[in-house]
Amino acid sequence: MTHAIIIAGGSGHRMGQDIPKQFINVYDKPVLIYTLEGFQKHPLVDEITVVCIDGWHDVVSAYAKQFGITKLTNIVSGGETGQESIRNGVFSLEGKCQPSDIVIIHDGIRPLVDGEVLTDVIKTAQKYGNAVTSMPYNEQIFIVDENDENTTTKYVKRETIRRVSTPQAYSFEKLLWGYKKAFEEKIGIYGSSYTNTMMVDLGEKLHFACGSDKNIKLTTKDDLELFKAYLKSDKDNWLK
């Protein structure tokens with residue numbers, strides 16, 4: 001079985017709107033629903049859990065019913081941080097998932113998740129026990145001089161780095177072990193830490209899966225406009 005945990009617990013302050021950005025309507029449909037539809041229509045995804053801000057559970061349920069998200073089986077309250085929210089979603093699956101089941105972690109504000117990307121993430125995780133969506137990094141990266149932040153004498157070869165995002169997937173057994181150990185020992189749970197960085201901090205080797213440039217994260221108003229542009233240019237693929 002493959003279970004998706006969709007993280008929709010953010011307040012979205014950087015978007016500057018009155019409601020969380022995952023609930024902003026774009027062409028009469030909430031951003032979160034676009035995300036959920038990608039998982040709903042994928043044949044390898046069996047169930048969906050949404051980790052949500054308190055006070056919005058009924059809204060998620062109503063939207064799921066309205067837009068036919070029948071795979072949604074669980075709505076969980078988020079935590080104070082992103083890692084706490086993911087942990088809450090993972091812990092909610094205890095007793096429901098088998099150790100070898102695949103669990104996908106995905107940001108609710110990445111609404112253009114591609115079906116081929118999901119397939120590769122799932123199959124890679126089934127083979128190796130984990131998978132992280134990745135893309136080559138095409139810009140040059142220079143390291144700021146420690147004595148003068150306006151200068152540099154070092155760079156990183158871009159061939160040696162990858163940019164990663166969600167979706168990412170793990171066996172439930174490994175994911176549950178990771179979050180219990182990380183929170184017990186305070187490893188990889190602070191700041192910008194995410195499941196992938198936490199796993200590396202815990203000594204795990206991660207496996208790359210394919211990604212997509214369309215898989216944008218809606219953080220600012222400009223991101224929202226880009227999302228709208230993608231929808232208009234790719235209407236046949238993304239809109240019902």
Side-chain angles (χ1 to χ4, degrees), residues 1-10 22 32 35-52 60 64 69-79 81-111 113-134 164-184 187-189 193-211 215:
M1 177 176 283
T2 299
H3 199 111
I5 298 177
I6 309 301
I7 307 303
Q22 58 270 31
L32 179 60
T35 304
L36 294 177
E37 284 178 337
F39 291 83
Q40 173 69 31
K41 68 184 180 183
H42 198 284
L44 297 181
V45 176
D46 299 296
E47 295 183 346
I48 300 170
T49 288
V50 170
V51 180
C52 179
V60 172
I69 310 299
T70 59
K71 292 181 180 179
L72 179 64
T73 59
N74 197 17
I75 301 175
V76 180
S77 292
T81 66
Q83 281 289 64
E84 287 184 10
S85 292
I86 299 172
R87 177 203 62 187
N88 292 355
V90 172
F91 284 5
S92 76
L93 297 182
E94 280 196 273
K96 300 178 182 178
C97 282
Q98 297 299 314
S100 62
D101 286 351
I102 298 300
V103 178
I104 305 166
I105 309 294
H106 188 65
D107 299 319
I109 51 172
R110 290 186 186 271
V113 59
D114 185 81
E116 292 182 2
V117 169
L118 268 178
T119 297
D120 195 52
V121 167
I122 293 168
K123 290 187 174 180
T124 301
Q126 288 173 337
K127 184 175 181 179
Y128 297 109
N130 67 61
V132 294
T133 299
S134 69
V164 303
S165 62
T166 66
Q168 47 193 257
Y170 307 84
S171 70
F172 178 66
E173 179 179 40
K174 182 63 70 172
L175 197 58
L176 186 63
W177 164 84
Y179 272 97
K180 286 185 175 180
K181 183 176 179 66
F183 275 85
E184 286 172 1
I187 298 172
I189 60 173
S193 295
Y194 207 86
T195 310
N196 49 4
T197 56
M198 180 192 79
M199 286 296 190
V200 169
D201 288 339
L202 291 172
E204 294 296 305
K205 177 187 289 187
L206 299 183
H207 297 266
F208 293 133
C210 70
N215 188 28

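Keep in mind that the numbers below use all heavy atoms, side chains included, and drop hydrogens, waters and symmetry copies.
For Gln168 (side chain) and Ile104 (main-chain N/O), no donor-acceptor pair under 3.5 Å exists by modelled atom type. With Gln22 contributing its side chain and Leu32 its backbone, the two residues share no donor-acceptor pair below 3.5 Å. Judged by distance alone, the side chain of Asn74 and the main-chain N or O of Val50 form no donor-acceptor pair under 3.5 Å. Using modelled atom types, one side-chain atom of Thr197 and one backbone atom of Tyr194 make a donor-acceptor pair closer than 3.5 Å. Judged purely by atom type and a 3.5 angstrom limit, Ser171 has no side-chain atom pairing as donor or acceptor with the backbone of Ser100.
The CD atom of Gln126 lies 7.0 Å from the CG atom of Leu44; values are rounded to the nearest 0.5 Å. Between Leu118 atom CG and Thr2 atom OG1 the span is 10.0 Å, to the nearest 0.5 Å. Atoms NZ and CZ, from Lys71 and Phe39 in turn, are 10.0 Å apart once rounded to the nearest 0.5 Å. Between atom CD1 of residue Ile105 and atom OG1 of residue Thr133 there is a gap of 12.0 Å, rounded to the nearest 0.5 Å. Considering OG1 of Thr35 and NE2 of His106, their distance stands at 5.5 Å, rounded to 0.5 Å. Here Ser193 contributes atom OG and Ile86 contributes atom CD1; the two are 10.0 Å apart, rounded to the nearest 0.5 Å.
Residue Phe183 places its CZ atom among more than 12 non-hydrogen atoms of other residues, nucleotides or ligands, all under 6.0 Å distant. Under a cut-off of 6.0 angstrom, the local environment of CD in Glu94 is crowded, with over 12 non-hydrogen atoms contributed by other residues, nucleotides or ligands. By the 6.0 Å contact criterion, CD on Glu173 is open, its count of non-hydrogen atoms from other residues, nucleotides or ligands being 12 or less.
Ile6 approaches Asp107 most closely through the heavy-atom pair CG2-C, 4.5 Å. A pairwise comparison of heavy atoms in Gly78 and Ser85 identifies CA-OG, 3.4 Å as the closest pair. The minimum heavy-atom distance linking Asn215 with Pro167 is given by the pair ND2-CD, 3.9 Å. The two atoms that bring Asp120 and Cys210 nearest to each other are OD2-N, 2.8 Å, heavy atoms only. Closest approach of Val121 and Ala169 over heavy atoms only: CG1-CB, 3.4 Å. Taking all atoms of both residues into account, the shortest heavy-atom contact from Ile187 to Met198 is O-CG, 4.0 Å.
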Given the rule in the side-chain contact (heavy atoms from CB on, under 4.5 Å) test, do Arg110 and Ser165 qualify, once you have shown the distances and angles that lead to the verdict? CA-CA 10 Å; Arg110 290 186 186 271; Ser165 62; 3.5 Å; yes

Give the intermediate values and the outcome of side-chain contact (heavy atoms from CB on, under 4.5 Å) for residues Gln40 and Thr70. CA-CA 7 Å; Gln40 173 69 31; Thr70 59; 2.8 Å; yes

Begin from the C-alpha positions of Ile75 and Thr49 and carry the test side-chain contact (heavy atoms from CB on, under 4.5 Å) through to its verdict. CA-CA 6 Å; Ile75 301 175; Thr49 288; over 6 Å; no

Apply ring-ring contact (aromatic ring centres under 6.0 Å, His included) to the pair His3 and Phe172, showing each step before the final yes or no. CA-CA 9 Å; His3 199 111; Phe172 178 66; 8.9 Å; no

side-chain contact (heavy atoms from CB on, under 4.5 Å) assessment of Ile5 paired with Val103: CA-CA 7 Å; Ile5 298 177; Val103 178; 3.6 Å; yes

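With no hydrogens or angles considered, a side-chain donor-acceptor pair links Gln83 and Tyr179 at under 3.5 Å. At a cut-off of 3.5 Å, with distance as the only test, no side-chain donor of Asn196 or Tyr170 sits close to an acceptor on the other residue.
A 4.5 Å side-chain heavy-atom check between Met199 and Leu175 finds at least one atom pair inside the cut-off. In this structure, the side chains of Asp101 and Gln98 come closer than 4.5 Å at one or more pairs of heavy atoms.
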